[in-house]
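Comments concern the structure below.
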Amino acid sequence: MKRINVTESFLPPYADYEAYMRQIWDSHHLTNQGPLLTQLEERLRERLEVDNIQIVSNGTIALQLALKALDVTEGEVITTPFSYVATTSSILWERCVPVFVDIEQDTFCIDTTKIEQAITPATKAIMAVHVFGFPCDVDAIEMIAARHNLKVIYDAAHSFGVEYKGRSLMNYGDASTLSFHATKLFHTIEGGAIVANSKEVVDKISLLKKFGHVGDEHFAAGINAKATEFQAAMGLCNLKYVDDIVLARKQSHELYDTLLDARFYRPSINKEAKHNYAYFPVLFANEEELFTIVKRLNDNNVFPRRYFYPSLNRLPYLEGQIACPVSEQISKRILCLPLYAGIEEAEVREICRIINQ
Ligand SMILES: *Cc1c(COP(=O)(O)O)cnc(C)c1O
C-alpha cells in the first residue's frame, strides 16, 4: 500500500486557486483584511449560521484572543485534559492557570458533573472542547457558568459545520474558536476564526488582532493575528467542496464502523447533533493492544495518530499535577484512524482487515 497518514490535506483544483491568484496580482492587495478575506468571512457567516466571524492567522491565536477579549487575563480557567496541546498552551500564554476537569467516558468531552467542585474564587472561565466534533453538554455548562459568573469559550477546532439541537454549535458560549489548519476538515493552509455573540467582544477582537490601533489612535496592546489573501483564497476554493468533503468522510466513517470488530469501542454519535465526521477515534482494550496494532499498521505503511496523548494534565512542564483518571486511561488506549476525503474504499477495507486480525 502507498503511505497512508491519519489525514491528507484537501486541495482544490489548481485552476480554482489560480483564478484567485490572478485577482491578487491585479489588486496588489496581499493581506490586511483584503477583499478575499472579507468575502470568505461573509461566506462562512452564512455557511456556519453565525452572526459574525473573524478570521485570524491560526486556531491557537484565536483561543488566546478569545481569552483576552473576554478579560480572562489572570486566575484559573477550567478546561479539559483531552484535547490538542494548544487548548492548554493558549491558557498558559495568557498567564492563566489551567484547572483540569476529567472527561466523560462516552463522549470524551469535559464531565460537567465534575466542574462545580473545581470552581474556586479564582476561577474566571471554562474552556471546553467539542473534541472530535462531539458537542459538549452545552446546556449544563451554560447553567454552571451563569451560576458562578464565568465566561465560556469553546475550542471548536474540530467542529466545522456541526449542528446541535438544530442550530450551529458555534452559537453556544461567549465565544467559539475554529482552526483552519491544513489538517482540519476545512482549511485555509494555516488559519482560524472566532465567533462571539456580543458586539463589544467582536469589536475588541477586531482591534486586538490588528495591533490594537486604528490609524494613529492606539487603544490597547494588540497582536498580529491577521490572515492573508492567499489563505483566504484557499478557504474560498475549499468552501465550495466542503459538503462533498463531509459526505466522502461520512461514507468512509460508515465503512469503518461496519467493518471494524465490535470489540473495538467507538463513541456513538450524539442523536441531537449533525456530525461532521472529522475524525475516526477507536479505543483499544489497553496500551499494549494499541502498540501491537500501531506496529502492524506501520508495517503496512499506515500511520494512525495517538489523538490525544498524553492527557494534558500530565504535560511535563505543568506546575502542580491534577489526576484525571478517565482521560489518562483513554489517552493511552485511543487512536484516530486515517480519515479524509480522498481515502479509498479498498484502503479502509485493508486497514480494518489488519486491525481485526
Ligand atoms: C488544531 C487544534 C488547535 C490549534 O489550531 P491551529 O490552527 O493549528 O493553531 C486548537 N485546538 C484543537 C482542539 C485543535 O485540534
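Order of appearance sets the numbers: ligands from 1, and atoms from 1 within every ligand. Along the sequence shown, the residues carry numbers beginning at 1. These values consider heavy atoms only, across backbone and side chains, with no hydrogens, waters or symmetry-generated copies.
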Notebook entry, point to check: Do the ring planes of His158 and Phe308 sit parallel (below 30°), tilted (30 to 60°) or perpendicular (above 60°)?
Noted result: parallel
Next item on the list: Report all protein residues having a heavy-atom distance below 4.0 Å to some atom of ligand 1; order the list by chain, then number.
Entry: Asn58, Gly59, Thr60, Ser83, Tyr84, Ala86, Thr87, Asp155, Ala157, His158, Ser179, His181, Lys184, Gly191
Item checked: Partner set under ring-ring contact (aromatic ring centres under 6.0 Å, His included) for His213, not counting sequence neighbours -> His218
Item checked: Geometric class of the Phe132/Phe108 ring pair [parallel <30°, tilted 30-60°, perpendicular >60°] -> perpendicular
Item checked: Check: Thr183 main-chain N/O paired with His181 side-chain donor or acceptor under 3.5 Å -> yes
Margin query: By the definition side-chain contact (heavy atoms from CB on, under 4.5 Å), identify the one residue from Asn149, Ile115, Ile78 that meets it with Thr123.
Written below: Ile78
Checklist line | Side-chain heavy-atom pair Ile245, Phe186 within 4.5 angstrom cut-off | finding: no
